[in-house]
Amino acid sequence: MPELPEVETIVRELRESVCGKEISKIEAPWRKAVKPALNVAARILKGSKVEDVMRRGKFIIFILNKNVRLVVHLRMTGRLLWRVEQGRAKFIRVILRFADGSSLYFSDVRRFGRVWVYPVEVYKKATGISKLGVEPLDLDWESFKGIFKGRRGILKHSLLRQDLLAGVGNIYADEICFRIGLHPLTRLEKLGNDQLRSLFKAIGECLRDGIEHCGASISDFVGTKGTIGQHQHYLRVYGRKGKPCYSCSNLIKKTVVAGRGTFFCPSCQPILKK
DNA sequence: CCGGGCCTGCGG
DNA sequence: CCGCAGGCCCGG
């Protein structure tokens, strides 16, 4: 459930805390979390120093010297933590040990998350980063139009497609649809130029708001020091089934779109016809 | 385009 | 105690 704003929050914290550190060892209490096999990953990592930390979509990329990249995807319940609470040690899947004695823990209750270690020449292919679409926050209106104008498909489904736009997940997709006043099932091809333009603006606004509030701690998200975000207090529809719409006071409904729980206001978000 | 698989905790 | 939660991959 960490989406672009939550991942960005983590990356900003890491950039302040991990740069310059030398990795002395990688451990994997759950070996399947690491690709390639742990001994291979360890050999590639040997003696690597962290030069920078970046984000691409929902991927976290550690730039290491000697042209090595360590990539993390948190999927649903993954966390990167400098300290793990008592009782949650059983969820630690991977540990990065540093030469200064500190350790960064990859904890993940549901084991969907992964850590990859690869040379710079192959890491994008090996992780799936090469298949990602554009970065929503680097996007200008002309490029956005190039991607979405004339495209067919369901609005919410298109927002969730990482090969079009990298980083939007279920929560922000619903928030974006609410912000432009369209039902998540609206077909893209029915959007006029003005609506496309407002969609473009809404994507940027929703994601930037999320970053400004250090992410939404809805179910699981915490920062690297265990601190929660604040954006859950600012969500307009997600998780608000049966509660009055902030805009019109009608009750928020929940349905399923693209296989995911989807919240919307039936009166503020009509399905666009024709 | 839909649904199952990966997984576990927790809500109903 | 069943089934839902959902990012992403894959197969039909």
Side-chain angles (χ1 to χ4, degrees), chain A residues 1-11 28-36 55-61 71-80 84-94 105-116 123-133 135-136 151-177 184-189 207 210 215-222 228 231-232 235 237-243 252-264:
Chain A
M1 95 107 237
E3 306 179 29
L4 187 153
E6 290 74 32
V7 174
E8 179 66 23
T9 300
I10 289 167
V11 165
W30 188 59
R31 301 174 76 89
K32 265 186 76 177
V34 178
K35 307 265 177 187
R55 180 190 57 73
R56 180 76 173 89
K58 301 175 198 170
F59 290 83
I60 299 164
I61 306 172
V71 177
V72 178
H73 198 303
L74 303 171
R75 289 297 210 279
M76 300 296 300
T77 55
R79 297 173 167 184
L80 282 175
V84 174
E85 297 168 48
Q86 292 286 338
R88 297 190 65 90
K90 61 182 173 193
F91 301 131
I92 297 172
R93 311 302 180 196
V94 183
Y105 300 91
F106 173 66
S107 138
D108 186 16
V109 169
R110 291 173 67 182
R111 307 187 207 230
F112 289 177
R114 289 294 180 271
V115 174
W116 297 265
Y123 85 99
K124 289 186 183 175
K125 261 240 159 70
T127 56
I129 288 174
S130 57
K131 291 195 276 187
L132 292 179
E135 276 298 319
R151 179 172 292 281
R152 297 171 43 79
I154 290 168
L155 172 59
K156 178 165 180 179
H157 188 243
S158 307
L159 289 172
L160 291 173
R161 274 183 57 178
Q162 302 298 299
D163 60 335
L164 290 184
L165 199 65
V168 175
N170 200 40
I171 296 173
Y172 291 91
D174 282 3
E175 294 298 311
I176 291 164
C177 292
L185 279 174
T186 302
R187 302 215 48 109
L188 268 189
E189 59 268 29
L207 295 175
S217 291
I218 282 278
S219 60
D220 228 75
F221 168 71
V222 293
I228 64 168
H231 194 57
Q232 64 278 13
L235 297 177
V237 274
Y238 186 87
R240 300 197 66 249
K241 181 188 173 183
K243 297 185 173 151
I252 301 298
K253 287 199 165 175
K254 185 180 183 187
T255 179
V256 175
V257 176
R260 279 122 178 154
T262 296
F263 300 86
F264 67 100

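Proteins come first, then strands; the chains are lettered A, B, ... in the order of their sequence lines, and each starts at number 1.
Nucleotides C/dG3 and B/dG3 have their C1' atoms positioned 16 Å apart, rounded to a whole Å. For B/dG9 and C/dC8, the P atoms lie 22 Å apart once the distance is rounded to whole Å. With P as the reference atom, B/dC7 and C/dC1 are 24 Å apart, rounded to whole Å.
Going from atom CZ of A/R240 over to atom NZ of A/K254 covers 14.5 Å, rounded to the nearest 0.5 Å. Remark: A/I60 CD1 to A/L74 CG distance equals 4.5 Å, nearest 0.5 Å. Note that the CD atom of A/E175 and the CG atom of A/L207 stand 11.0 Å from one another [nearest 0.5 Å]. Taken to the nearest 0.5 Å, the CD1 atom of A/I10 stands 8.0 Å off from the CD atom of A/E6. Note: A/N170 CG to A/K156 NZ = 3.5 Å, rounded to the nearest 0.5 Å. Distance CG/A/L159 to CD1/A/I154: 11.5 Å, rounded to 0.5 Å.
For A/E135 and A/R56, the salt-bridge test passes: some basic side-chain N is under 4.0 Å from an acidic carboxylate O.
When each of A/K32 and A/I154 is assigned the nucleotide of DNA chain B bearing its nearest heavy atom, the one mapping closer to the 5' terminus is A/I154.
If you check every strand for non-hydrogen atoms under 4.0 Å, A/Y238 touches sugar and phosphate atoms only. A/G259 comes within 4.0 angstrom of no nucleic acid atom, judged by non-hydrogen atoms across all strands.
A/E3 places a side-chain N or O within donor-acceptor distance of the main-chain N or O of A/I171, the cut-off being under 3.5 Å.
Where pairing requires Watson-Crick or G-U contacts shorter than 3.5 Å, the helical stems of DNA chain B with at least three consecutive pairs are B:1-6 with C:7-12, B:8-12 with C:1-5.
Aromatic ring centres of A/Y172 and A/H231 lie closer together than 6.0 Å.
OP1 or OP2 of C/dA5 lies within a sub-4.0 Å distance of a side-chain N or O belonging to A/K254.
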(request) Let me have a per-nucleotide readout for nucleotides 7-12 of chain C, 5' to 3', with B, S or -, counting only protein heavy atoms under 4.0 Å. (result) BB----
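In this entry the distance linking CZ of A/R31 with P of B/dC7 reads 16 Å, nearest Å.
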